[in-house]
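Here the structure comes first, spelled out in structure tokens, and everything after it is commentary.
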Amino acid sequence: MQSFRTEIENPVVEKDIIELEAKIRQFHEGKLDEEKFRSLRLARGVYGQRQEGVQMIRIKLPYGKVSSKQLKRICDVSDEYSRGRLHITTRQDIQIHYVDLNRTPELWAELERDDVTLREACGNTVRNVTASETAGIDVNEPFDVSPYAHALFQYFLRNPISQEMGRKFKVSFSASDADTGLSYMHDLGFIAKIENGVVGFKVMLGGGLGSQPRHADVLYDFLPSEKIIPLMEGVVRVFDRYGERKSRAKARMKFLLKDIGLDGFKRLLEEEQKAIPFDVYPVDAEAYPKVQVAEVAVPETTIEDTQAFEQWKTTNVIPQKQEGYVAIGIKVLLGDFYTDKARLLADLVQQYAAGELRLSLRQNILIPYVKEALVPFFYKALKKLDFVEAGYNKALDITACPGTDTCNLGIASSTGIAAELERVIKAEYPQYINNTDVVIKISGCMNACGQHNMANIGFQGMSVRTKDKLVAPALQVLLGGGNYGDGKGRFADKVVKIPSKRGPEALRLILNDFEANGNGAKFVDYYVAKGEHYFYDFLKPLSDIENLTAEDFIDWGNSEKYVKAIGVGECAGVVIDLIATLLFESEEKIQNAQDRLQEQKWAASIYYSYTSMVNSAKALLTAEGKKTNTHAGIIKDFNTFFIANGRIPMEGSFEDFALQLNKNRPTEDFAQRYLADAKTFLGKVQAFREEELVAAQN
């Protein structure tokens with residue numbers, strides 16, 4: 001593999017990309033442990049996909065905002081390094097697939113030319129910061145949350161406190177009490193509020209989906225905006241130290257909250273306050289880039305099919321709070337669109353709107369700042385691109401993860417069944433094209449990337465085994481999830497498991513009963529009123545696997561017999577490191593601490609010194625087969641097994657030594673002293689390890 005050099009102007013970004021290239025080379029040369037390499041590339045948006053030898057690349061687009069110029073750059077990269085398909089995720093990212101690992105550094109360099117990053121799009125990091133796609137234009141919003149989401153994204157990008165956590169950390173911003181950012185299912189969720197003229201947020205903590213969904217707790221009913229970044233720094237520090245690291249199934253924030261409770265978490269949060277470099281972190285919302293709408297004459301436009309146009313307007317045109325403007329929603333089937341149309345869309349938005357698009361949590365595209373007079377023109381232009389399907393954010397608009405198409409963890413097809421269910425609704429339930437109430441979501445496995453367990457009607461990919469030990473694709477049917485607004489929501493109940501090919505019939509039974517017995521209620525209220533057993537009774541016949549046909553053993557979108565094949569999950573997966581690799585990492589962290597010290601970034605330097613100490617302690621505990629589930633546990637156990645018994649000489653306890661960082665303000669003097677302590681400690685650990693190895697050989 002040839003050494004690679006970038007031409008990126010930002011030296012921090014350039015160093016990052018060159019480091020990725022070097023690590024890929026070390027991996028190929030057998031100098032870097034495979035598990036450690038996986039952790040490193042995931043934190044740089046490079047994710048192994050189901051097909052061997054190729055990668056999925058996740059492109060991080062904070063709060064879903066992408067300029068026309070950036071979209072065209074992404075298109076160029078997709079054409080050059082992938083297959084020309086763009087996939088919008090439920091976290092407002094764009095993914096491209098089938099990328100050669102060796103070409104990922106140059107791909108990243110190309111994206112950075114237009115300020116697009118891969119950094120921390122995957123891995124045990126702070127993931128993409130999501131927000132209501134209507135932020136800044138929402139008729140009900142008290143203020144635009146975009147500047148605050150952007151400031152938070154910038155603050156935590158490459159921040160040492162959030163690079164190697166036990167699991168991923170997800171943050172959202174909601175523009176209004178409608179909570180379209182879904183705060184209640186995030187590690188941290190912020191809902192825009194104004195109290196007594198002060199801009200701030202309601203703060204939700206510890207929500208999550210997956211196999212054990214948890215509703216977030218209210219951490220603050222109101223927190224001034226200048227406090228949200230210091231708060232999140234404290235939350236991330238606590239999660240990094242006390243969060244589970246070994247058992248992937250218990251490693252999310254929601255499990256830490258479940259274990260220690262909200263009051264216990266608040267106590268730990270208070271202990272971190274001295275270490276946080278800012279008591280307040282004001283965000284200058286006025287400095288956020290102002291919208292510039294293209295000034296053009298309104299082209300003369302004739303609409304041939306006025307009925308289709310009027311139907312489209314009722315579902316896909318969204319009012320804006322800015323007088324004279326609307327936003328146009330583009331329904332993107334399964335979140336997939338292609339570079340040829342994406343380029344034309346980017347040009348259209350640049351020439352006739354504000355040169356920006358928003359990607360939505362429902363895998364769609366929103367074009368803000370369209371002059372009302374231009375709506376017919378946009379309709380005709382979008383029709384040429386096949387982008388005028390009615391039903392934006394309506395019942396017809398089904399969300400689905402990639403499932404078994406490309407994901408290692410996929411158990412059953414989610415895209416295939418989603419396409420079939422949309423076909424059923426269009427053909428048999430056309431009234432649902434205008435329905436804003438019924439939300440349908442599908443995931444290919446329990447990890448809920450399709451957010452199935454917060455939907456009114458959800459499907460989760462599974463499998464069933466017959467008495468003859470034949471395996472068929474299946475769906476868990478979940479019902480009754482819903483977003484009540486203002487941080488309140490309900491997770492769906494698991495009602496019944498059925499063979500996948502019976503999914504359309506299950507949908508028919510549910511919608512038919514809703515039509516007959518809903519009595520005008522919202523779907524979630526109808527479900528709660530009827531109760532889980534009511535739905536189980538009329539869906540149960542579909543669960544019978546005694547009469548499966550040959551067709552039932554072929555999954556949606558496939559022609560071959562189903563084979564259950566689950567790979568090793570990567571996204572935020574926990575890694576087991578070799579001892580030598582851990583100690584080498586400790587040296588790298590010392591160097592990072594030294595670099596930050598020279599840059600006068602005291603808090604960052606201190607945290608690198610801290611992680612070096614913990615990493616070194618973890619190496620020796622690992623060598624002796626001790627548990628290393630949490631940072632807090634590593635610190636405590638290292639003191640027990642190496643310091644208290646005098647195996648490694650140290651004045652005082654290792655707990656006091658390592659946790660100096662939350663007993664001192666992040667000053668230059670402390671950063672220098674703490675770095676010196678970290679260097680001394682690493683030297684002692686390395687000497688101890690060498691002595692142990694020599695003794696073992698003798």
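These numbers come from the heavy atoms of this one structure, side chains and all, not from hydrogens, waters or symmetry mates. On a predicted model such as this, the values are computed, not experimentally measured, just so you know.
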Could you tell me whether D177 and K488 have a side-chain N and a carboxylate O separated by less than 4.0 Å?
no
Once you round to the nearest 0.5 Å, how far does NZ of K383 lie from CZ of F309?
11.5 Å
N128: which of I59, D93, T89 passes side-chain contact (heavy atoms from CB on, under 4.5 Å)
D93
Across all chains, not counting sequence neighbours, the side-chain hydrogen bond (donor to acceptor under 3.5 Å, both in side chains) partners of S413 are none
Quick one, T630 and R245 - any side-chain contact, counting heavy atoms below 4.5 Å?
no
Do Y526 and D513 have side-chain N/O donor and acceptor atoms under 3.5 Å apart?
yes
Minimum side-chain heavy-atom gap T180-L361 below 4.5 Å:
no
For F143, which of F201, F190, F173 qualifies under ring pair (Phe, Tyr, Trp, His ring centres under 6.0 Å)?
F201
Nearest heavy-atom approach of S183 to M204 is OG-CG, 3.4 Å
Do the non-hydrogen side-chain atoms of R362 and T399 ever get within less than 4.5 Å of each other?
yes
State, yes or no, whether a side-chain contact exists between D486 and I191 at a heavy-atom distance under 4.5 Å.
yes
Just grab all the ring-ring contact (aromatic ring centres under 6.0 Å, His included) pairs involving residues 420-477, residues at least two apart or on different chains.
none
Going by heavy atoms in the side chains, are V477 and L479 under 4.5 Å from each other?
yes
Residue pairs involving residues 419-435 (criterion salt bridge (Lys or Arg N to Asp or Glu O under 4.0 Å); sequence neighbours excluded)
K331-E422, E389-K426, E420-R423, E428-R508
For residues N393 and E133, report the shortest heavy-atom separation together with the two atoms involved.
ND2-OE2, 3.3 Å
State, to 0.1 Å, how close G487 and H215 come at their nearest heavy-atom pair, and which atoms those are.
O-CE1, 2.9 Å
Euclidean distance, N434 CG relative to T314 OG1, rounded to 0.5 Å
4.5 Å
Search all heavy atoms of A251 against all heavy atoms of E244 and return the closest pair with its distance.
CB-O, 3.3 Å
Is a side-chain donor or acceptor of N435 paired with a backbone partner of V438 at a separation under 3.5 angstrom?
yes
Side chain to side chain donor-acceptor pair (under 3.5 Å) between Q363 and D397, intermediate numbers included:
CA-CA 9 Å; Q363 301 174 291; D397 194 356; over 6 Å; no
Taking NZ in K227 as the centre, count heavy atoms belonging to other residues, nucleotides or ligands within less than 6.0 Å. Is the count above 12?
no
Taking every heavy atom of V326 against every heavy atom of V375, the minimum-distance pair comes out as CG2-CG2, 3.7 Å
Is there a side-chain contact between I330 and L357, using heavy atoms and a 4.5 Å cut-off?
no
Straight-line distance of Y338 OH to L86 CG, nearest 0.5 Å
9.5 Å
Side chains of residues 462-475: which donor-acceptor partners sit under 3.5 Å, not counting sequence neighbours?
residue : atom : partner : partner atom : Å
S463    : OG   : K564    : NZ           : 3.4
T466    : OG1  : D468    : N            : 3.2
T466    : OG1  : L470    : N            : 3.1

List the atom of A455, the atom of V439, and the distance in Å for their closest heavy-atom pair.
CB-O, 3.5 Å
I'd like to check K501 versus W556 (side-chain heavy atoms, cut-off strictly below 4.5 Å). Are they in contact?
yes
Do R490 and Y527 have side chains that get closer than 4.5 Å, going by heavy atoms?
yes
Kindly state each residue pair satisfying side chain to side chain donor-acceptor pair (under 3.5 Å) with at least one member in residues 135-144, sequence neighbours excluded.
T134-D138, E141-K321, D144-S146
Can you list, pair by pair, the side-chain donor-acceptor contacts under 3.5 Å of residues 252-265, counting residues two or more places apart and other chains?
residue : atom : partner : partner atom : Å
R252    : NE   : K168    : O            : 3.4
R252    : NH2  : D187    : OD2          : 2.9
K254    : NZ   : L209    : O            : 2.4
K254    : NZ   : Q212    : O            : 2.9

Evaluate the ring planes of Y534 and F538, with Trp represented by its six-membered ring, and classify them as parallel (under 30°), tilted (30 to 60°) or perpendicular (over 60°).
perpendicular
